[in-house]
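In what follows, a structure is listed as structure tokens, so that the remarks can point back to it.
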Amino acid sequence: IFKDIDVYQIELSRNEIEKFSNYTFCGVKRLGEITLNTNKLKHLNDLIEGISICNIKTIKTLIIHKNLIEIIDVDFTEYFLNLEYLDLRFNQIKYIKKNSLDKLINLNTLLLSNNLLNQIDFIDIYKFEYIENIELYSNFLNTFYVNDHDKFLPNSVKRLDLKNSTIKNLAPFSFQNFIKLTNLFISDNNLKLILSQTFKNLTNLENLNLKNNKIETIEQGAFLDLYNLKFLNLDNNRINVLNKKMLYGLKIMFDLKLR
């Protein structure tokens with residue numbers, strides 16, 4: 001279809017695309033961005049295979065939100081080594097094959113919000129030196145335990161969004177590998193208790209959003225390492241008494257919301 005053309009971006013959003021020919025993008029020079037929003041794609045197999053067959057190694061941005069993808073069961077190949085931005089929001093993804101994203105070593109942003117994921121052990125993301133932004137909100141994660149996830153949480157991440165993911169529990173040390181994290185969003189979940197050392201090692205965290213949960217108790221030491229926290233949002237929870245022990249460890253906070 002695209003033969004001997006020199007373009008950086010191809011935009012095919014708001015069509016009814018269900019699949020691709022293996023040779024769809026062959027002949028495109030300098031292709032760096034593909035946008036396929038609001039189509040009817042159910043899987044990525046054709047796209048990944050086609051990019052590989054066409055020997056395209058320049059893609060940096062792949063945007064495929066608002067499609068019908070349910071599973072990702074094919075590996076991204078070495079032809080996606082330069083991919084920096086992957087947007088799969090607003091699909092119906094409930095399963096991602098383990099290690100299928102491993103070759104995306106230059107990935108900076110991974111957007112998987114508004115899907116049906118109930119676990120996130122599909123990727124050893126610690127291998128990714130450059131990833132800074134992960135969005136997982138509006139999934140069905142239920143529990144976020146470090147013993148399940150510490151093997152793939154990278155220390156390069158600066159922004160982590162887990163809001164509206166039906167999370168009920170956060171174990172101590174759940175985020176201990178996120179040493180560069182500055183923004184953490186866990187709002188709109190089902191948390192009742194914040195345990196001591198839940199946010200251990202988050203010395204660079206500046207913004208912590210816990211609003212719209214069911215939090216009744218915050219144990220002493222929960223915020224112990226949050227030396228640089230500036231904004232703490234606890235709006236719309238069930239805290240009856242706020243005492244000094246709950247906020248122990250906070251030093252330079254500018255804004256505390258408790259409405």
Side-chain angles (χ1 to χ4, degrees), residues 13 32-37 41 43-45 47-48 51 57-141 144 146 148-167 174-175 177-187 189 202 204-205 207 209:
S13 298
E33 180 174 330
I34 300 175
T35 302
L36 297 165
N37 299 337
L41 290 172
H43 53 76
L44 298 177
N45 302 47
L47 178 62
I48 292 174
I51 294 297
K57 299 180 179 180
T58 52
I59 296 174
K60 293 186 176 182
T61 300
L62 186 57
I63 303 174
I64 318 178
H65 73 246
K66 291 188 178 178
N67 277 270
L68 304 173
I69 300 169
E70 294 185 2
I71 63 172
I72 297 176
D73 57 356
V74 61
D75 293 346
F76 280 81
T77 67
E78 62 272 13
Y79 292 93
F80 290 88
L81 286 176
N82 290 309
L83 192 67
E84 298 175 358
Y85 187 98
L86 178 58
D87 183 353
L88 293 167
R89 294 173 296 165
F90 293 96
N91 278 281
Q92 300 170 20
I93 302 171
K94 53 189 175 184
Y95 170 76
I96 298 178
K97 178 186 171 185
K98 191 173 180 65
N99 302 324
S100 60
L101 309 184
D102 277 7
K103 286 191 171 64
L104 307 184
I105 58 175
N106 287 299
L107 200 63
N108 174 272
T109 298
L110 176 61
L111 306 180
L112 285 165
S113 57
N114 295 94
N115 279 288
L116 304 174
L117 293 167
N118 59 20
Q119 59 182 8
I120 51 175
D121 61 350
F122 50 81
I123 178 172
D124 289 331
I125 206 168
Y126 71 91
K127 299 176 181 177
F128 298 169
E129 182 179 354
Y130 304 107
I131 196 160
E132 295 185 358
N133 181 23
I134 300 177
E135 286 189 2
L136 290 163
Y137 65 82
S138 296
N139 278 283
F140 297 91
L141 302 181
F144 196 89
V146 66
D148 291 333
H149 307 307
D150 63 348
K151 61 182 178 297
F152 67 88
L153 296 181
N155 61 19
S156 58
V157 174
K158 294 182 179 180
R159 183 179 184 276
L160 178 62
D161 197 331
L162 297 167
K163 64 177 175 280
N164 193 31
S165 294
T166 66
I167 296 173
S174 284
F175 306 96
N177 288 336
F178 287 102
I179 58 177
K180 295 183 181 179
L181 197 67
T182 57
N183 292 277
L184 178 57
F185 304 93
I186 323 177
S187 58
N189 280 286
L202 297 187
N204 290 302
L205 194 68
N207 181 13
N209 194 328

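No hydrogens, no waters, no symmetry mates; every other heavy atom, side chains included, goes into these values.
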Return the [atom1] to [atom2] distance between [X] and [Y], rounded to the nearest 0.5 Å.
X: Leu86; Y: Ile64; atom1: CG; atom2: CD1; value: 7.0 Å
X: Ile71; Y: Ile93; atom1: CD1; atom2: CD1; value: 10.5 Å
X: Leu83; Y: Thr58; atom1: CG; atom2: OG1; value: 11.0 Å
X: Leu205; Y: Asn183; atom1: CG; atom2: CG; value: 7.0 Å
X: Leu41; Y: Lys66; atom1: CG; atom2: NZ; value: 15.0 Å
X: Thr109; Y: Ile131; atom1: OG1; atom2: CD1; value: 7.5 Å

Where do [X] and [Y] come nearest, in terms of heavy atoms and distance?
X: Asn139; Y: Leu112; answer: ND2-O, 3.0 Å
X: Asn106; Y: Tyr130; answer: OD1-CE1, 3.4 Å
X: Thr166; Y: Asn189; answer: N-OD1, 3.0 Å
X: Ser165; Y: Leu162; answer: OG-O, 3.2 Å
X: Leu44; Y: Ile69; answer: CD2-CD1, 3.6 Å

Given side-chain contact (heavy atoms from CB on, under 4.5 Å), test Ile34 with Ile51 step by step and report yes or no. CA-CA 11 Å; Ile34 300 175; Ile51 294 297; 4.0 Å; yes
Leu117 vs Phe140, test: side-chain contact (heavy atoms from CB on, under 4.5 Å). Steps then yes/no. CA-CA 6 Å; Leu117 293 167; Phe140 297 91; over 6 Å; no
Residues two or more places apart in sequence or in another chain: which of them pass side-chain contact (heavy atoms from CB on, under 4.5 Å) with [X]?
X: Asn37; answer: Ser13, Thr35, Ile63, His65
X: Thr182; answer: Lys158
X: Asn209; answer: Phe185, Ser187, Lys211, Asn233

Heavy atoms, side chains only, cut-off 4.5 Å: are [X] and [Y] in contact?
X: Phe76; Y: Leu107; result: no
X: Leu160; Y: Phe175; result: yes
X: Ile105; Y: Glu129; result: no
X: Leu88; Y: Ile72; result: yes
X: Tyr85; Y: Leu111; result: yes
X: Leu47; Y: Leu36; result: yes
X: Phe80; Y: Ile48; result: yes
X: Lys60; Y: Glu33; result: no

Contacts of type salt bridge (Lys or Arg N to Asp or Glu O under 4.0 Å), residue Asp73, not counting sequence neighbours: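 Partners of Asp73 under the salt bridge (Lys or Arg N to Asp or Glu O under 4.0 Å) test: none.
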Please name all residues satisfying salt bridge (Lys or Arg N to Asp or Glu O under 4.0 Å) with Asp161, sequence neighbours left out, ordered by chain then number.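 Partners of Asp161 by the salt bridge (Lys or Arg N to Asp or Glu O under 4.0 Å) criterion, ordered by chain and then number, come out as Arg159, Lys163.
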Worked check of side-chain contact (heavy atoms from CB on, under 4.5 Å) between Asp75 and Lys97: CA-CA 8 Å; Asp75 293 346; Lys97 178 186 171 185; 3.4 Å; yes
Please list all pairs passing the salt bridge (charged side-chain N to carboxylate O under 4.0 Å, His left out) test where one or both residues lie in residues 79-93, with sequence neighbours left out.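 Pairs touching residues 79-93 that pass the test: Asp87-Arg89.
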Derivation and outcome, side-chain contact (heavy atoms from CB on, under 4.5 Å), residues Leu68 and Gln92: CA-CA 6 Å; Leu68 304 173; Gln92 300 170 20; 3.6 Å; yes
Neighbour count above 12 (heavy atom, 6.0 Å) for Tyr95 OH: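 Atom OH in Tyr95 is packed in, count exceeds 12.
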Do side-chain atoms of Asn204 reach the backbone of Ile179 as a donor and acceptor pair under 3.5 angstrom?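 A pair under 3.5 Å: yes.
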For the backbone of Asn91 and the side chain of Asn115, can you confirm whether one donor and one acceptor N or O come within less than 3.5 Å of each other?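 Yes, the answer is positive, given that a donor and an acceptor are paired below the 3.5 Å cut-off.
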